[in-house]
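First comes the structure, then the notes that go with it.
Being a predicted model, the structure only gives us computed values, none of them experimental. Residue indices begin at 1 and follow the sequence shown. Whatever order the structure lists ligands and atoms in, that order sets their numbers, starting from 1. Below, each value reflects all heavy atoms present in this structure, side chains not excepted, and no hydrogens, waters or symmetry copies.
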Amino acid sequence: MDYRSLIRDIPDFPKEGILFRDITPLLADGEAYRTAIRQLGEQAKAWGAEVIVGPEARGYVVGAPLSYALGVGFVPVRKRGKLPAQTVSVTYDLEYGRDILEIHTDAIRPGQKVVLADDLLATGGTMAATMELVRKLGGEVVGAAFFIELSALNGRSKLDDIPVCTLVKYED
Ligand SMILES: O=P(O)(O)OC[C@H]1O[C@H](OP(=O)(O)OP(=O)(O)O)[C@H](O)[C@@H]1O
Ligand SMILES: Nc1ncnc2[nH]cnc12
């Protein structure tokens, strides 16, 4: 599948100097979207995923269908103040900002095998924070799945050598 042709480059969004990799054309193509989820799903299954965890908001368009395809649960990680029950939090940096992420304290069972999912790995700040939240609850992170990796930003280095699967890599 030629995913690259379905990812649109938008210069200077959301800030000057950022080349935004927009996945909305890929999501709008039913066959490409389903193939992408199936591909990541095979990997997540091989890692032994018992639950999928994804960060708001684009992590949901990857994580939720992935969990549905595997028949396992989906746990949302949200930006501050959005989750209604008791949470744990972590502050994090991403390519173009800083924020707080939260997860419900009862969302993961200790020892549960967790696969993290998001649309894109840039600096790794978002996924490192998501991994920290899962570990605070005693979950075992067994892998991380993305549509896109921006290799030059070296996000993998923040992910403690957990296995990473990406469908499209941009080297620049
Ligand atoms: O590797 P990083 O440098 O952390 O960047 C990657 C993160 O940035 C984007 O999310 P964003 O915070 O823009 O939120 P959104 O999904 O709500 O658009 C993207 O969906 C990843 O979650
Ligand atoms: N360059 C980029 N394009 C799309 N989403 C991003 N999240 C962080 N960096 C990004």
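- Counting protein heavy atoms only, atom 5 (N) of ligand 2 is closest to R58 NH1, 3.0 Å.
- Note: an N/O pair closer than 3.5 Å links T123 and ligand 1 by distance alone.
- Atom 10 (C) of ligand 2 has its closest protein heavy atom at E95 OE1, 3.2 Å.
- Summarising the contacts of atom 17 (O) of ligand 1 with K79, M127, R21, R78, the nearest heavy atom is found in K79.
- Hydrophobic clustering (side-chain heavy atoms under 4.5 Å, transitive across Ile, Leu, Val, Met, Phe, Trp, Tyr) keeps V164 apart from I23.
- Exactly one residue among V168, L121, L167 makes a side-chain contact (heavy atoms from CB on, under 4.5 Å) with E149. That residue is L121.
- Between the side chains of R8 and T24, at least one donor N or O sits under 3.5 Å from an acceptor N or O.
- Backbone and side-chain nitrogen or oxygen atoms of I18 are examined, and none is located within less than 3.5 angstrom of a nitrogen or oxygen of ligand 2.
- Closest non-hydrogen pair, V114 versus G139, comes out as CG2-CA, 4.5 Å.
- A donor-acceptor distance shorter than 3.5 angstrom exists from the side chain of E102 to the backbone of G81, with no hydrogens or angles considered.
- Checked by distance only, ligand 1 and L120 stay at 3.5 Å or farther apart across all their nitrogen or oxygen atoms.
- Close approach of ligand 1 to R58 is summarised as follows: ligand atoms under 4.0 Å from at least one heavy atom of the residue are 9 (C), 10 (O), 11 (P), 13 (O), 15 (P), 16 (O), 18 (O), 19 (C), 20 (O).
- Remark: the backbone N or O of S89 is paired with a side-chain donor or acceptor of K136 at under 3.5 angstrom.
- Protein heavy atom nearest atom 7 (N) of ligand 2, with residue, atom name and distance: Y96 OH, 3.4 Å.
- Under 4.0 Å from ligand 2, the heavy atoms of L150 that appear belong solely to its side chain.
- The protein atom (non-hydrogen) at minimum distance from atom 21 (C) of ligand 1 is D118 OD2, 3.1 Å.
- No donor-acceptor pair closer than 3.5 Å links the side chain of Y3 to the backbone N or O of I148.
- For ligand 1, the atoms lying closer than 4.0 Å to a non-hydrogen atom of A57 are 15 (P), 16 (O), 17 (O).
- The nearest heavy-atom contact from the protein to atom 13 (O) of ligand 1 is Y96 OH, 2.5 Å.
- Looking at every heavy atom in both residues, L6 comes nearest to P25 through O-CB, 3.3 Å.
- Close contacts of ligand 2 with A122, meaning ligand atoms under 4.0 Å from a residue heavy atom, involve 8 (C), 9 (N).
- Ligand 2 places these atoms under 4.0 Å from at least one heavy atom of L19: 1 (N), 2 (C), 3 (N).
- When hydrophobic clusters are built by joining Ile, Leu, Val, Met, Phe, Trp and Tyr residues whose side-chain heavy atoms come closer than 4.5 Å, directly or via intermediates, V61 is grouped together with V72.
- In terms of polar-atom proximity, defined here as any N/O pair under 3.5 Å, D119 makes no such contact with ligand 2.
- No donor-acceptor pair closer than 3.5 Å links the side chain of D119 to the backbone N or O of G59.
- Close approach to E56 involves these atoms of ligand 1, each under 4.0 Å from a residue heavy atom: 16 (O), 17 (O).
- When atom types are taken as modelled, the side chain of E56 and the backbone of K79 share a donor-acceptor pair closer than 3.5 angstrom.
- Considering backbone and side-chain atoms alike, P55 places every N or O at 3.5 Å or more from each N or O of ligand 1.
- In plain terms, the two heavy atoms of Y60 and V77 that are nearest each other are OH-O, 3.0 Å.
- Counting only heavy atoms of the protein, atom 7 (C) of ligand 1 lies nearest to T126 OG1, 3.4 Å.
- The nearest protein atom to atom 6 (C) of ligand 2, hydrogens excluded, is given as L120 CD2, 3.5 Å; this is a heavy-atom distance.
- Looking only at heavy atoms of the protein, atom 3 (N) of ligand 2 is closest to R21 N, 2.9 Å.
- Only the side chain of D119 comes within 4.0 Å of ligand 1, counting heavy atoms alone; its backbone N, CA, C and O stay farther away.
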